[in-house]
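Input: a single structure, listed below in C-alpha cells.
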Number of protein chains: 2
Amino acid sequence: MQDNLTLRKWYLIEKRMLKDIIENNENYQPGLSIDCVIFGFHDNQLKVLLIKIPNREMWSLPGGFIPVDQDIDVAAVTVLNERTGVEGIFLRQFATFGKVKRNDQHFDKKILEYLKIEEEKGKWLMRRFVTIGYYALVDFLKTIPKPANKDEVIEWIDHKEVPELILDHKEILDKALDTLRMELNLMPVGYNLLPEKFTIPELQKLYETILDKKLDRRNFLRKITNIGILTKLDEKKSNVAHKAPNLYTFDKEKYDEVLKNGLNQGW
Amino acid sequence: MQDNLTLRKWYLIEKRMLKDIIENNENYQPGLSIDCVIFGFHDNQLKVLLIKIPNREMWSLPGGFIPVDQDIDVAAVTVLNERTGVEGIFLRQFATFGKVKRNDQHFDKKILEYLKIEEEKGKWLMRRFVTIGYYALVDFLKTIPKPANKDEVIEWIDHKEVPELILDHKEILDKALDTLRMELNLMPVGYNLLPEKFTIPELQKLYETILDKKLDRRNFLRKITNIGILTKLDEKKSNVAHKAPNLYTFDKEKYDEVLKNGLNQGW
DNA sequence: TTATTAATGTGTTATTATGACGCAATGTAC
DNA sequence: GTACATTGCGTCATAATAACACATTAATAA
C-alpha cells in the first residue's frame, strides 16, 4: 500500500516529461491538473481509455498539467494528445475535483531520487492538487492510443471491468458517466461512438450500455427516427446471424442542429 | 481603463483579508480562486448578489481563495460567508474558468504599495488564476448580505440590470444562469427562492423569469401540480389587487424525493 | 431440403402528456 | 353597481409514450 502512495502523481505523466515539468515548474499552473475520461464503444461495450502505471496493477486516467500560457480547454487537448496520441477530439469539461483527501501527503523522496530531482524542486509535485475533469466520446476504431514510451501501457477497458484506479480516479470516471447519461436526454449521441454506417440495434445497444438498462426495440426505433438525425441507407449489414439489419448514417447537418438546439426543452 | 486593470484581483476579497492572504499565501492554493453566483427572487425579479469595488463603478461576484487544507466545496461556502455573511446554503459547482486571457497581466505595484506588501510576496496575486464557479438559490428575504467592512457595498441586483462586471464575471454569471435553466428541466426549483407560503402565479413568475419566456397559466398549473410537490393551503393571499390567489407550500418530503430522482428521465 | 431459431421490420392500441384555448369567479377601483 | 384584471377550472385536438402482436429474414440444425 505504501508503494501505491509512493507513486502519487507520477501516473499523471510520462517519466521523462515529468522530470521536465518539475524542473521547469514555473511554466505550469501549480496545484492544478487535468484528467480525461475518454469513452469509446466496441463489441457492444462502453470502453474507457486507461493508462497502466509501469509494473503495477494500478491504472489511471490520462492526465497532465496546465501550461501557464494555455487555456485549460486547450491544455486538456494537449494533455490527452501527449499521453495517448489521440488528437482532434472535442473534450467537454464536466467537473472539478478538489477534496483535500484526494491528495495523499506522502510523496516519497525515492521517486525524486529516482528521477534525480533535487528535493526543493520536487516539492512542486508534493503540494495539494485540484484536478479538472474532461470527457469525450470518440470513434473506437479510429482512436488507436499510442503510449508515450515503451514502458507505458494504454488500453481500452470495458467500463464494467475497470480495475482499481489511483487516487479518486474512479470517482472522476463515475461522475463523467453520470454526466454522459444526463446529456443523453439533452442531445443526440453516437456520431463519434459508432462507425460511419451502423444499424439501429447497434445504436440501441450504445444507448442501453450507457444507460445500463434495456429499452424496447420498437419504441426506440420510433423515438430515434423521429428526432430526424438518421438517414436510412439502401444497404443491409452483411455476415450477420439471423435477419440482416438495415444500415443507417447520421445526417450530420441535422445532427449538429439538434446538438445545438437540444432535444426536448421541457418548460 | 488602466485603472480597472489596476484593481485586478483586489475585488476578490476585502482589503485587510487580502493583505493577510497575500502575506500568508503558502496557506492558500496558488492560482486558483472561487466565484459565487447567488440567485434570489423578489418583486418578480431574479436577483444576483454582487459586490461593488470601493469607489468604482465596477462590480464583481463574491469570490475568494482556497485554503490548502479545505475541500473546494467547503471553501466555496467559507468564501461566500466571509464576503457576504450568508451562511448555511447549498452551493453547486457548475464550471471552471481557465482562459489565459481572463487574467490581465498588469497588476500594478501601486496596489501592493497601498497595501504595504513587498513585491516578492505580491507576486502571488500576479500570477495566472483559474476560478471555480459555484451557484446557489437562496431565500431573498432571509438572506441579508453583510459587507465585510464599511467600504464594501453588497447588493442584490436584478439580473436584467447587471452593470459591467470585472474580468470574465459576466461570462461566469451567464453560464450559471444557463446551468440553472437546464436544471429547471431536471428538478423542481423554488424551495429556496420563494417564501414559506406562495401562490401559483408567483411560482410561475419565478419560472418565467429564470427561463425568460412566458408560460401558459393553465398549463403551468397542471404541470406543476402533477409533479406532486405542492400542498394547497386553505388560505388566500391578502391585500392583492383583483382576485386573491390561493396559497401553497412545498411538500418538502416529496420535493426532496423528486430532487433526488429527477423530473423526467427521458430514455 | 426443410424446419427451427433468433434476430429485425412494421404496425396497433390504450394511456398519458402537451399546447392552445374558453369561460366563470373573484376582488379592486371607479 | 360596473368595468377590469387576474385567478380557478375545464375542454379538446394532437403528440408522445408504453406495451404488445405479428410478419419477415437469414443462418443453421435436422
Side-chain angles (χ1 to χ4, degrees), chain A residues 43-44 184-188 190 194-195 197-209 211 213-249 258 261-267, chain B residues 43-44 181 184-188 190 194-195 197-209 211-249 258 261-267:
Chain A
D43 281 343
N44 289 335
L184 216 56
N185 294 324
L186 303 172
M187 57 181 67
L194 292 175
K197 297 174 182 179
F198 55 90
T199 68
I200 298 289
E202 278 168 355
L203 184 55
Q204 182 178 339
K205 286 276 165 46
L206 170 61
Y207 272 71
E208 289 181 339
T209 306
L211 295 169
K213 75 175 176 192
K214 284 271 165 215
L215 301 174
D216 184 278
R217 253 177 353 107
R218 295 147 290 187
N219 294 335
F220 180 81
L221 171 68
R222 181 157 33 85
K223 212 169 164 183
I224 205 79
T225 48
N226 275 347
I227 298 174
I229 53 172
L230 297 179
T231 307
K232 188 173 182 174
L233 300 176
D234 191 19
E235 194 175 347
K236 285 176 193 301
K237 184 146 182 152
S238 53
N239 282 328
V240 288
H242 316 299
K243 180 169 179 176
N246 214 306
L247 286 170
Y248 287 78
T249 51
V258 176
N261 299 329
L263 278 176
N264 41 2
Q265 47 258 47
W267 299 94
Chain B
D43 282 343
N44 289 335
R181 280 173 184 153
L184 217 55
N185 294 325
L186 303 173
M187 57 181 71
L194 293 174
K197 298 173 181 179
F198 55 90
T199 69
I200 297 290
E202 279 167 355
L203 183 56
Q204 184 179 339
K205 287 277 165 44
L206 171 61
Y207 271 71
E208 288 181 341
T209 306
L211 295 169
D212 198 24
K213 73 174 176 192
K214 284 270 167 215
L215 302 174
D216 184 276
R217 254 178 351 104
R218 297 148 288 193
N219 294 336
F220 180 81
L221 172 68
R222 189 182 42 201
K223 214 168 162 180
I224 204 80
T225 48
N226 275 347
I227 298 175
I229 53 173
L230 297 179
T231 307
K232 189 174 183 175
L233 300 175
D234 191 18
E235 195 177 347
K236 285 175 192 301
K237 185 146 181 153
S238 54
N239 284 329
V240 289
H242 317 299
K243 179 168 178 175
N246 214 306
L247 286 170
Y248 287 77
T249 52
V258 177
N261 299 329
L263 279 176
N264 41 4
Q265 46 258 48
W267 300 92

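- You can see that DNA chain C meets the heavy atoms of chain B within a 4.0 Å-exclusive cut from C/dT18 to C/dT28, reading 5' to 3'.
- Residue pairs that meet the salt bridge (Lys or Arg N to Asp or Glu O under 4.0 Å) test with at least one member in residues 227-242 of chain B, sequence neighbours left out, are B/Lys197-B/Glu235, B/Glu202-B/Lys237.
- Put simply, A/Lys223 has no side-chain N or O that comes within less than 4.0 Å of OP1 or OP2 on D/dA16.
- B/Arg218 is linked by a salt bridge (charged side-chain N to carboxylate O under 4.0 Å, His left out) to B/Asp216, counting only residues two or more places apart in sequence or in another chain.
- Computed from coordinates, the A/Asn264 CG to D/dA16 C1' distance equals 11 Å when rounded to whole Å.
- Every residue was checked against the side-chain hydrogen bond (donor to acceptor under 3.5 Å, both in side chains) condition with A/Asn44, not counting sequence neighbours, and none meets it.
- Under the salt bridge (charged side-chain N to carboxylate O under 4.0 Å, His left out) criterion, B/Lys213 pairs with no residue, sequence neighbours left out.
- Between the CZ atom in A/Arg217 and the CD atom in A/Gln204 there is a gap of 8.0 Å [rounded to 0.5 Å].
- Looking only at distances, a side-chain donor or acceptor of B/Trp267 sits under 3.5 Å from a matching main-chain atom of A/Leu184.
- Rounding to the nearest 0.5 Å places CG of B/Asn261 at 11.0 Å from CE of B/Met187.
- Taken residue by residue, residues 233-247 of chain B places heavy atoms nearer than 4.0 Å to DNA chain D at B/His242, B/Lys243, B/Pro245, B/Asn246.
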Would you list the atom pairs, donor with acceptor, under 3.5 Å between side chains in residues 240-247 of chain B and any protein atom, with sequence neighbours excluded?
none

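- Rounding to whole angstrom units, CG of residue A/Asn185 and C1' of D/dA16 are separated by 15 Å.
- For the contact set between residues 211-218 of chain B and DNA chain C, defined by any heavy atom under 4.0 Å, the members are B/Asp216, B/Arg218.
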Which atom pairs, one a donor and one an acceptor, fall under 3.5 Å between side chains of residues 219-230 of chain A and the rest of the protein, sequence neighbours left out?
unit_1: A/Asn219; atom_1: OD1; unit_2: A/Arg222; atom_2: NH2; d: 2.6
unit_1: A/Lys223; atom_1: NZ; unit_2: B/Gly266; atom_2: O; d: 3.4
unit_1: A/Thr225; atom_1: OG1; unit_2: A/Leu221; atom_2: O; d: 2.6
unit_1: A/Thr225; atom_1: OG1; unit_2: A/Arg222; atom_2: O; d: 3.1
unit_1: A/Asn226; atom_1: ND2; unit_2: A/Arg222; atom_2: O; d: 3.4

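- Counting to the nearest Å, the P atom of D/dC9 and the CZ atom of B/Phe220 are 15 Å from each other.
- Rounded to whole Å, the distance from CG on A/Leu263 to P on D/dA16 is 12 Å.
- In this structure, B/Leu221 atom CG and D/dT7 atom C1' are separated by 10 Å, rounded to whole Å.
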Write out a two-atom table: protein N or O, nucleotide N or O from nucleotides 11-15 of chain D, distance below 3.5 Å.
none

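- Between A/Ile200 and A/Tyr248, the shortest heavy-atom contact is CG1-CE1, 3.2 Å.
- At a threshold of 4.5 Å between non-hydrogen side-chain atoms, the residues B/Arg181 and B/Leu211 count as touching.
- Residue whose closest nucleotide on DNA chain D sits further toward the 5' end, between A/Asn226 and B/Ile200: B/Ile200.
- Put simply, CG on B/Leu194 and CG on B/Leu203 are 6.0 Å apart, with the number rounded to the nearest 0.5 Å.
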